[in-house]
Amino acid sequence: MAAIKQTFFQECEEQLGELETGLLAIQDGDTDPETVNAVFRAVHSIKGGAGAFNLDELVHFAHVFESVLDHLRAGRLAPNGEILRTMLRAADMLADLVRAARDGSGTDAERRDAIASELRALDPDAKRQELDDAGVESLSNDTDGLAFEPVTISFDDLEIESAPAEHHFIIRFTPKPELYAKANEAALLMRELARLGEASVTCDVSRLPMLDELDPEGSYLSWTIELRTVQDETAIRNVFEFVEWDCELDVTRADAAPEFNDAVLDDFIEKMQATVEAKLAAPPAPPNATGAPIEPRAAQAASVVPALSNSVGGKPEASTSPQATIRVDLDRVDRLINLVGELVINQAMLTQRMLEAGLARASGVANGLDELEQLTREIQDSVMAIRAQPVKSVFQRMPRLVREVAAMTGKSVRLTTEGENTEVDKTVIERLADPLTHMIRNAIDHGLESPEQRAAAGKPEEGLVHLSALHRSGRIVIEIADDGAGIDRARVKTLAAAKGLIAADASLSDEEVDNLIFLPGFSTASTVSDISGRGVGMDVVRRSIQALGGRISIRSKPRQGSTFTMSLPLTLAVLDGMVVTVASETLVVPLTAIIETLQPKPATVHGFGGAARVIAIRDQFIPLIDVGRELDYRSEYADPCKSVALLVESEGHMRSALLVDAILGQRQVVIKSLEANYQHVHGIAAATILGDGRVALILDVDAVVSGSLAAATGFEPLYATAG
């Protein structure tokens, strides 16, 4: 039961995502009825599953929510702005109730009841019931002791008719194994039926096998339910709406004779008679080559009846089935990835041994190893694709955050998203939530103006925050843009100087000033609140992104807004890198950071401020960084003209040239955490195992560049610019 309950909560997260996505789509003008149906199904599914685990608080709230959504999909409610805002608040409350049920924590009962009251106020049936109750109570007070016939009661010109006629239905219900596999329960369905009226249930156990033949995942029971209700057949079928493909269901009226369409029936008989006569008049077919007996004509004639039945009014069977999916524990996927990583390492070792043995590249062994390398790469790509997930799971959390922060700041904000289906490794996704949360809050609190300020500036009172994701150059790029006032650079510079973060007379470019907000302890908030003002936030974002092997940059225009861009690796498991040597040590430089390689010439290398050097590349002077000196592999600076320069791009699109001794080649390597197995090492991001069994360190390009320029200038170059 615990495993089933865990599955239920996993499915709840998916349903809550669909619920919020659908409501936001309707708010943006989506008029597709299927969108409303999807929203209704999400709440209905959560309610049904919660009932199975006796989560009464969740069931009751979901029932109120579901009732309003039913009126919305029936067209009795118009999806205007206020109604949708109430439904979005209800979706947030439903999410809180699900998480409280999962974690065993409490919820704000006052807030829950207030939102439930708002929903009931939208429910036409609830309003009608309140009027009826008020009318009956008033009548009872005025006519104490009198009896009335329950036929018609008039209140001035309002006439309330007697109860509608009762119907008698026979429902035959046979679950398939798939129904139980999806954590549905037949008893809950019959309990829902009983709420529609008076039900009499009979269970058929005739198909139940002996115990030794029983399949634990099979389905052997069926039920016949006699239901007397004032509801129509649609209400009955709605109970089975989410299991209709996983059961055999027949609903018939027992209080009315079946109606036949004489024209359709006559047409069917004529077609069947003509077909049978044609078959009987046809010459007998010769025996088939296998000697099998020829099918009797009577059987041939009978075989056409189903086809005719379909042509007259039957439903053809679906030609395609939905794509099957399975749930797999993440630990199993991680183990598979680790094994594939070991396979990659062993394949590299075999190749290394072949080269050491002097085998020709055209030999059979070499060809076999080439094929093994290709297959290993395909296996690795396939396994990584299993772990890849769309960023939608993170993006779906942001609309609620926007609503909450907008309410706290008194601002009107609209969030738009793009590229939600962009895929990235699950580990990266899990660690994206906190940085995105900080940046969205920052964009609303600091970036967007108040409605009054926006109106005075000629802007719409509703501010816009745009969240997007896309693949670029083997990385994922996520942007958070707002149409606010942009960064007040004069104020930022003044505050940074007041906090001692920069010199008061420092001469900084616009980009350098913008990047000051990433300094620890920096904040532009004038007061401390629940949203900002404590000097933690953007520096935390920067460190989080760097811990993922990524970088972050800013573009801002006064009165037009700001855009924060994060560039992250697609996976933290494998890496395409360039293998280089530095002072007899082997290093791997991430290929995505390298723009080009070049051989420095004496005329292009220049001294700059003591020991610092720059290299002239296409009319630009690029800092020249000796990797061996920076990592303390040697005490003397290498001769640039006897080395190889790697032109790299680091955080803030800043370019530098890394000096290495030689390039050994390019290969895909498996990333091994250095911190988890040893400790943090400056300038090193991780480690890997090469084909010869040696451990090679993976260079942290941003850390090496920052450390080198910090030593040369005396402060960390958070705001250094390209060129």
Side-chain angles (χ1 to χ4, degrees), residues 330-349 351-352 373 376-389 423-432 435 471 473-476 543-551 566-582 585-594 627 631 646 648 650-651 658 660 663-705:
L330 190 59
D331 290 342
R332 294 187 179 184
V333 179
D334 287 341
R335 176 167 172 74
L336 182 59
I337 289 175
N338 290 335
L339 290 174
V340 172
E342 297 299 325
L343 178 62
V344 171
I345 293 171
N346 277 275
Q347 177 268 325
M349 287 182 175
T351 303
Q352 184 73 22
E373 181 179 1
T376 303
R377 185 66 178 257
E378 291 179 2
I379 292 173
Q380 189 172 45
D381 290 343
S382 299
V383 172
M384 295 310 301
I386 293 174
R387 195 180 164 87
Q389 289 189 340
E423 291 190 338
V424 67
D425 188 272
K426 180 173 175 60
T427 305
V428 178
I429 287 181
E430 291 172 348
R431 296 166 66 179
L432 268 178
H471 286 155
S473 302
R475 298 173 72 86
I476 182 172
R543 288 200 300 270
S544 299
I545 298 304
Q546 286 179 334
L548 289 170
R551 51 184 182 264
M566 296 185 295
S567 176
L568 298 157
L570 293 178
T571 176
L572 302 181
V574 295
L575 173 77
D576 284 311
M578 184 171 288
V579 183
V580 301
T581 58
V582 176
E585 299 290 340
T586 304
L587 298 173
V588 178
V589 183
L591 206 58
T592 54
I594 300 176
V627 176
L631 298 180
L646 308 179
V648 298
S650 57
E651 184 180 349
L658 303 182
V660 299
I663 297 175
L664 299 182
Q666 175 185 331
R667 69 186 60 174
Q668 187 181 60
V669 296
V670 179
I671 299 174
K672 301 290 185 180
S673 173
L674 196 62
E675 293 185 11
N677 296 287
Y678 176 58
Q679 65 182 31
H680 174 72
V681 178
H682 168 69
I684 302 301
T688 188
I689 300 176
L690 299 177
D692 57 5
R694 291 184 300 154
V695 173
L697 301 178
I698 299 175
L699 201 66
D700 185 341
V701 173
D702 289 334
V704 169
V705 171

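By convention here, the first residue in the shown sequence is residue 1. Not measured: the values here are computed from a predicted model.
To the nearest 0.5 Å, atom CG of residue Leu339 and atom CZ of residue Arg335 are 5.0 Å apart. Atom-to-atom distance recorded for Ile379:CD1 and Leu343:CG is 6.0 Å, nearest 0.5 angstrom. From Thr581, atom OG1 reaches atom CG of Leu587 across 8.5 Å, with rounding to the nearest 0.5 Å. Annotation: the span from Leu591 atom CG to Gln666 atom CD amounts to 4.5 Å, rounded to 0.5 Å. Residue Ile476 holds its CD1 atom at 7.5 Å from CD1 of Ile429, rounded to the nearest 0.5 Å. For the atom pair Ile386 CD1 and Arg332 CZ, the distance stands at 13.0 Å (nearest 0.5 Å).
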Using the rule given for side-chain contact (heavy atoms from CB on, under 4.5 Å), can you reason through Leu432 versus Leu568, listing the C-alpha separation, both sets of side-chain angles and the distance that settles it, and then say yes or no? CA-CA 10 Å; Leu432 268 178; Leu568 298 157; 3.4 Å; yes

Does the side-chain contact (heavy atoms from CB on, under 4.5 Å) test come out yes or no for Val580 and Leu699, once each step is laid out? CA-CA 10 Å; Val580 301; Leu699 201 66; over 6 Å; no

For a side-chain contact (heavy atoms from CB on, under 4.5 Å) check, start with the C-alpha distance between Ile594 and Val701, then their side-chain angles and the critical distance, and finish with the verdict. CA-CA 10 Å; Ile594 300 176; Val701 173; over 6 Å; no

When you look at Val704 and His682, which way does the side-chain contact (heavy atoms from CB on, under 4.5 Å) test go after all the steps? CA-CA 8 Å; Val704 169; His682 168 69; 5.8 Å; no

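Smallest separation of non-hydrogen atoms from Pro569 and Gly550: CD-N, 4.2 Å. Considering every non-hydrogen atom in both Ser544 and Pro435, the closest pair reads CB-CG, 3.8 Å.
The only option from Thr586, Leu697, Val669, Val579 that meets the side chain to side chain contact (heavy atoms under 4.5 Å, CB included) definition with Thr688 turns out to be Val669.
Without hydrogens or angle criteria, His471 side chain to Val424 main chain gives no donor-acceptor distance under 3.5 Å.
No side-chain heavy atom of Leu548 sits under 4.5 Å from any side-chain heavy atom of Met566. With contacts defined as side-chain heavy-atom distances shorter than 4.5 Å, the pair Ile698/Ile671 qualifies. At a threshold of 4.5 Å between non-hydrogen side-chain atoms, the residues Met578 and Leu646 count as touching.
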